[in-house]
Amino acid sequence: LTVLVVDDDPAMCATLRGFLEREDVTVIARFGGNDALEALEREHVDAVVVDKEMPEMNGLEVVARARRRWPELPIVVITAFGGPSAQAAARARGATAYLEKPFRVTELLGVLRDLTAR
Amino acid sequence: MGLRTRVLLIVGLPAAVLLAGHGLLRLDQERSQLEAEDQRHVELTAKALQIAAENALRDGGIPAARRLLLDLLARHEGIDRVRMFGGDLRPVILSSNADIDPRVPERVVRSVIDTGASYAFYDRVGGQLVYYYVVPLHDGDGSVTGSLELLRVASRLDRRLGEAFTDVVVRLGLLLAALTVLITLVLQRHVIRPIAALVAGLQRLGRGETDTRLPVTRRDQLGVAAAAFNDTAKQLGTARAALIAESARALELERQVQRAARLAVAGKLASGLAHEVGTPLNIISGHAEMALKEVPAGTPLSKDLEVIIAQIDRIKGIINSLLDTVRPQAPVPCPCDIESVVHAVLPLFRHVARARGVTLSSTIATGLPKVICDVSQLQQVVINLITNALDATPGRGRVVIEATPQAASRGPGVCITVTDTGHGIPAETLPHVFEPFFTTKPRGEGTGLGLAISRDIVVAQGGDIRIRSEEGRGTTVVIWLPEAAGDSESRAAA
């Protein structure tokens, strides 16, 4: 299982990578939207975890672009205390799942396994 | 000078002058009448004495005449002295009741003897007014042999005239006193009391007792005044009630708007903070979860890690409930009439603008299409922009709100501009004005969220917001909002 993690906060990326790799998930980490889209073009990725708020390119923009290119790709949007409107915005752009920070990493793992098993 | 004194003077003085004139005229008439009576009395007495004296002289000579004259004089009141003169002008008989100047009016006596005609005249003798009457005396063949002088002290007339004068003065005084009492009573009842009631009513009205009413019992001008007072008081009451209701409404709106503004600021602050702490919390809990997987269950370390994870969950719960409280209610976009929004908001700033000497005006194009927005959010935007404009504009400046229909690339819409003649924004700060917490206002006066919140609201409705500014010349903020779907068609149909 290969997951692309996109978050502008390196510590967050490191945390997710640390946890997921212990669970035998291959993690590709990117800190910006353009890098992430480029990685998607080049690497095989089973699922994407993307932060909603990023300075260079908004997470929702990344979701929209990836969704146009790969309609079946599972994409999980994570954001800090976004509320119902953020969730609705994420779903509207094509996010498959939505998690609010702080979430349980085990919960994220469960969601990823569910989405890729289908 | 009071009304009573004035009317008394105006009416009383001419009345007193008229009455006094009338009294003097009466006194003059009285004097003439008394004098005429006096003269007639003296004349008649003289005629009687003349005939009696002529007969006595003829029959018994001077002694008989003297007796007769003395006798007659005792019986005729009002004659103070009788003298008989012979041809040589010496008094031959004298009878006198009074001490009077004994000089003989020779010219007169001579003239009477010479002409045979009676002569009457007044003379002032020793401070006394004296009436002389001189008649000729004839002998048997009809020639004049002497004269008879009758004298009456006319000053006695003065005493009678004095009595008449006192009488006139007393009457005049009584009349004036009666007039004064009458005028006072009439004034008191018909003028002063109604005016006092009117004044008392006006004073009560001035204290705000608009339910004050005066009794309208008269049909004169004061009655009309009372009726007019009642009308005015009624209208004032109505206007006052309307004013109170209007200001209460404005106050309530202001309170709502301020509450919404405070909530918006609190919401922005809380969500900003929540966003910032979300990731670090996630990192802590993530690492705790990882560590928990490494240690055997049931050990003290695993319990510690569980506590960390549980407390992170707790913090998440606290922040979520805080956000639920301050997060603005989900906006309800519906067709909004910009004119009514602007007209609801403008009165809130009238007193601030007036206090700062800034002219605040609005120009709303007629037939403006409605825009899609949440009404209270649109109010919030307009309030934020006017607040900024007023804060930036010194005295004698102008703040103008305009709204015109304008089509953009995204379709038909409406432009709302807020223009001020204030100090403007330096070019280097202009790019930052929409950033949250960016403010150039003195510490404690601005939150730096007004434009950020306004932009969020406008952008959420598919509109945009732009700002133009020139330092020292002023600033213009332009908002564009899309027209409510079908609004043009419905207006065209209507």
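A, B, ... follow the sequence lines: proteins, then strands. Residue 1 opens every chain.
- Contacts of B/D456 classified as salt bridge (charged side-chain N to carboxylate O under 4.0 Å, His left out), with partners at least two apart in sequence or in another chain: B/K268.
- Residues of residues 51-65 of chain A having a heavy atom under 4.5 Å from any heavy atom of chain B, listed by number: A/E53.
- Note that the CD atom of B/E289 and the OG1 atom of A/T15 stand 11.0 Å from one another [nearest 0.5 Å].
- With a 4.5 Å cut-off on non-hydrogen atoms, B/T279 touches chain A through its backbone and its side chain both.
- Interatomic distance, B/K293 NZ to B/L305 CG, rounded to the nearest 0.5 Å: 13.0 Å.
- Between the CD1 atom of B/I467 and the CG atom of B/L451 there is a distance of 5.5 Å, given to the nearest 0.5 Å.
- To the nearest 0.5 Å, atom CG of residue A/D7 and atom CD1 of residue A/I78 are 5.0 Å apart.
- Contacts between residues 19-42 of chain A and chain B, defined by a heavy-atom separation under 4.5 Å, are made by A/F19, A/R22, A/E23.
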Item to check | Test salt bridge (charged side-chain N to carboxylate O under 4.0 Å, His left out) applied to B/R455 and B/D464, step by step | outcome: CA-CA 7 Å; B/R455 188 196 50 186; B/D464 63 42; over 6 Å; no
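- Ranked by non-hydrogen atom pairs under 4.5 Å with chain B, the options A/A80, A/G18, A/A11 are led by A/A80.
- Partners of B/N282 by side chain to side chain donor-acceptor pair (under 3.5 Å), not counting sequence neighbours: none found.
- In terms of heavy-atom pairs under 4.5 angstrom with chain A, the leader among B/L281, B/I283, B/I315 is B/I283.
- Note on B/D313 versus A/R104: salt bridge recorded, some NZ/NE/NH1/NH2 to OD/OE distance being below 4.0 Å.
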Next on the checklist: Checking B/L323 against B/S271 for the side chain to side chain contact (heavy atoms under 4.5 Å, CB included) test, could you report, in this order, the C-alpha distance in whole Å, the side-chain angles of both residues, the deciding distance, and whether it holds?
Outcome noted: CA-CA 7 Å; B/L323 288 176; B/S271 60; 4.1 Å; yes
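- Residue B/E428 qualifies as enclosed at atom CD: its count of foreign heavy atoms under 6.0 Å is above 12.
- The closest side-chain heavy-atom distance from B/V414 to B/Q406 is not below 4.5 Å.
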